[in-house]
Amino acid sequence: MHILDDVRYVGVNDHQVDLFEGLYPVPDGMSYNSYVILDEKIAVLDPVDQHFGDAWLQNVRGALDGRQPDYLIVHHMEPDHSANLARFVDEFPGVTVVASDKAFTMMKAYFGKDYASQRRIVREGDELPLGRHTLTFIAAPMVHWPEVMMSYDAATGTLFSADGFGRFGALDVEQKWSCEARRYYFGIVGKYGVQVQSVLKKAAALKLDRICPLHGPVLEGGMLQEALRLYQLWSSYSVESEGVAIAYASIYGHTKEAALQLQQELEARGCKTAIHDLCRCDVYETVEDAFRYGKLVLASVTYNADILPPMRALLHHLTARGYQNRQVALIESGSWAPMAAKVMRDLLTPCKNLTILDNPVRILGAMTDDNRAQLAAMAQELAR
């Protein structure tokens, strides 16, 4: 794929993977992106996942067309982007490996060597002249590993953004960028909003015509502007869309009945809703909607004087990712001593700037008319 005449895409699609990072379901696969800049000096960017070395090297050789690469740039040492580094250096022994100091420390851990005789350590603001292209390096620590560097080519207005601005899904599957980029962001990068804000400030000073991430499509035109807008919202923990996310964990159906009743009450008042059965859904879809919308309802049965484990897992994922600036309502149920609301409230204590509604709905056994009235009142308050 030609991004520009002298910038080629040489990445690969992975339709073998079912769980990315062993956690995130990816029914549409993944892309592991890599690029070649063809100039007086040739740079190959990021050596992809170990399972795709043959396909990647075939793509690289095709782009090189007999020439020898001068540089292998490693923006990010996570194995889905660096696993073929040693194999590449073996095939092209004259290449110089370019990366951050921390990345070379990680190379020693992964490959048993840090390429001391053929490496170039780059830091914030360092430049790598290739000819028409000159790459300027931008430190991006904790977006989302500590060694990450991005690079910018002023000649073409191109930012090579490492894992930033990525999304789930292989490139041969057509899908809207924002949906899988949102799940990717809040699952993988979401904890590091402050660090993403720092990178966005650096990016604001650049003339950007395209972003080339390590996962997902190259972003240009309207898609580029939309990605920058959404990253600003996501990394500042701002509300993206008006609406209510409802997450429930039910055993015998009474908690589920309450969640569905609340959804009906909200939609009757014109509220957009997204509802998730935590015992059956991809929890990261729930995390995505919890951050997307400004309001969240948590409904759990009491279980062993605690909450049902899928609800506890959701709350762990939210607090670990810095959940904040939202309104939360609680629904609890039980047969003799409901206490899920207290447990959920306590687990939310680390979250900043949450408004938790007073008077959680308590269901003792089956739903009653009084419970239905309480749910209607809760919907009225959430719909304000």
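These numbers were taken from a predicted model, which means no experiment stands behind them.
Looking at Ser241 and Lys272, their side chains never come closer than 4.5 Å, going by heavy atoms from C-beta outward. With contacts defined as side-chain heavy-atom distances shorter than 4.5 Å, the pair Val74/Leu85 qualifies. You'll find the side chain of Arg210 reaches within 4.5 Å of the side chain of Leu4, heavy atoms only. Proximity of Asp90 to Pro93: side-chain heavy atoms (C-beta onward) are nowhere separated by under 4.5 Å. Within the 4.5 Å cutoff, the side chain of Leu314 has heavy atoms near those of the Val287 side chain. At a threshold of 4.5 Å between non-hydrogen side-chain atoms, the residues Val244 and Leu262 do not count as touching. Under the 4.5 Å side-chain criterion, counting only non-hydrogen atoms from C-beta, Leu357 is in contact with Leu382. Proximity of Asp163 to His81: side-chain heavy atoms (C-beta onward) are separated by under 4.5 Å at one or more points.
Under a 4.0 Å N-O distance rule, the pair Asp209/Lys207 qualifies as a salt bridge. One finds a salt bridge joining Arg87 and Asp54 here, because a Lys/Arg side-chain nitrogen approaches an Asp/Glu carboxylate oxygen to under 4.0 Å. Taking the charged nitrogens against the carboxylate oxygens, Glu257 and Arg372 do have a contact shorter than 4.0 Å, which makes a salt bridge.
Classification of the Tyr185-Trp234 ring pair by plane angle, with boundaries at 30° and 60°, yields tilted. In this pair, Phe88 and Trp56 present their aromatic rings tilted. The plane angle is within the 30 to 60° band.
Asp70 places no side-chain N or O within 3.5 Å of a backbone atom of Val95 that could act as its donor or acceptor partner. At distances below 3.5 Å, not a single donor-acceptor pair connects side-chain atoms of Tyr9 with backbone N or O atoms of Cys212. With hydrogens and angles ignored, the 3.5 Å screen pairs a side-chain donor or acceptor of Tyr231 with a backbone N or O of Phe165. Using a distance-only test at 3.5 Å, with no hydrogens or angles considered, a donor-acceptor pair links the side chain of Ser31 to the main chain of Gly216. Under the 3.5 Å distance criterion, the side-chain polar atoms of Asp289 are left unmatched by any main-chain donor or acceptor of Ala245. A donor-acceptor contact shorter than 3.5 Å links the side chain of Thr302 to the backbone of Met339. Under a 3.5 Å cut-off, the side chain of Asn325 and the backbone N or O of Ser238 do not form any donor-acceptor pair. For Asn33 (side chain) and Pro213 (main-chain N/O), a donor-acceptor pair under 3.5 Å exists by modelled atom type. No donor-acceptor pair closer than 3.5 Å links the side chain of Gln195 to the backbone N or O of Val143. Side chain of Arg326 to main chain of Tyr293: a donor-acceptor pair is present (N/O by atom type, distance under 3.5 Å, no hydrogens or angles).
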Can you check side-chain hydrogen bond (donor to acceptor under 3.5 Å, both in side chains) on Gln327 and Thr355, steps first, answer last?
-> CA-CA 5 Å; Gln327 189 177 44; Thr355 300; 6.0 Å; no
Verdict with reasoning, Tyr24 to Asp282, per side chain to side chain contact (heavy atoms under 4.5 Å, CB included) | CA-CA 8 Å; Tyr24 307 97; Asp282 168 13; 5.9 Å; no
Going through the distances and angles, do Ile138 and Leu159 end up as a side chain to side chain contact (heavy atoms under 4.5 Å, CB included)?
-> CA-CA 10 Å; Ile138 300 167; Leu159 177 67; 4.0 Å; yes
Candidate pair Asp126 and Arg120, rule salt bridge (Lys or Arg N to Asp or Glu O under 4.0 Å), full reasoning | CA-CA 11 Å; Asp126 285 355; Arg120 179 164 177 169; over 6 Å; no
Hey, mind stepping through Leu135 and His133 against side chain to side chain contact (heavy atoms under 4.5 Å, CB included) and telling me if it holds?
-> CA-CA 7 Å; Leu135 293 177; His133 304 268; 5.7 Å; no
Are Thr105 and Lys108 close enough, and set up right, to give a side chain to side chain contact (heavy atoms under 4.5 Å, CB included), and what steps lead you there?
-> CA-CA 5 Å; Thr105 300; Lys108 180 76 171 178; 5.8 Å; no
Step by step, work out the salt bridge (Lys or Arg N to Asp or Glu O under 4.0 Å) result for Asp114 and Arg119.
-> CA-CA 8 Å; Asp114 58 8; Arg119 73 184 185 189; 3.4 Å; yes
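Nearest heavy atom pair, residue Tyr32 against residue Val48, reads O-CG1, 3.6 Å. Here the shortest heavy-atom pairing between Ala140 and Val199 reads CB-CG2, 3.8 Å. Taking both residues in full, the closest heavy atoms of Arg167 and Met30 are given as O-CE, 4.1 Å, listed atom of the first, atom of the second, then distance. Of all heavy-atom pairs spanning His215 and Phe20, the tightest one is NE2-CZ, 3.6 Å. Taking each heavy atom of Thr319 and Cys351 in turn, the nearest pair found is CG2-SG, 3.5 Å. Here the closest heavy-atom approach between residue Pro47 and residue Ser82 is recorded as CG-CA, 3.7 Å.
There is no path of hydrophobic side-chain contacts, each under 4.5 Å, that joins Val12 to Val218.
In this model, no donor atom of one side chain and acceptor atom of the other lie less than 3.5 Å apart for Glu147 and Ser100. Neither side chain, Asp14 nor His51, offers a donor N or O lying under 3.5 Å from an acceptor on the other. Defined by atom type and a distance below 3.5 Å, a donor-acceptor pair is present between the side-chain atoms of Ser151 and His75. Side chain to side chain, Asp370 and Thr368 fail the donor-acceptor criterion of an N or O pair below 3.5 Å. A donor and an acceptor atom, one from each side chain of Glu267 and Thr273, are located under 3.5 Å apart. Side-chain atoms of Gln261 and Glu265 include a donor-acceptor pair closer than 3.5 Å.
For the pair Arg321 and Phe291, the cation does not sit on the ring face, since its NZ or CZ is not both under 6.0 Å from the ring centre and inside 45° of the axis.
Taken to the nearest 0.5 Å, the CG atom of Leu348 stands 7.5 Å off from the CG atom of Leu318.
With a 6.0 Å radius and a threshold of 12 heavy atoms from other residues, nucleotides or ligands, Glu242 has its CD atom at or below the threshold. The environment of Gln197 atom CD is dense: over 12 non-hydrogen atoms of other residues, nucleotides or ligands sit within 6.0 angstrom. Shown here is Lys202, whose NZ atom has more than 12 heavy atoms of other residues, nucleotides or ligands within 6.0 Å. Counting non-hydrogen atoms of other residues, nucleotides and ligands closer than 6.0 Å to CG of Asp5 gives a total of 12 or fewer.
Each of Leu64, Ile42, Leu72 was compared with Phe92 under the side chain to side chain contact (heavy atoms under 4.5 Å, CB included) criterion, and only Leu64 meets it. The only member of Val328, Leu375, Ile331 that meets side chain to side chain contact (heavy atoms under 4.5 Å, CB included) when paired with Val297 is Ile331.
In this structure, the side-chain contact (heavy atoms from CB on, under 4.5 Å) partners of Gln324, at least two apart in sequence or on a different chain, are Tyr237, Lys352.
Counting only residues at least two apart or in different chains, salt bridge (charged side-chain N to carboxylate O under 4.0 Å, His left out) contacts with residues 300-312 comprise Asp306-Arg312.
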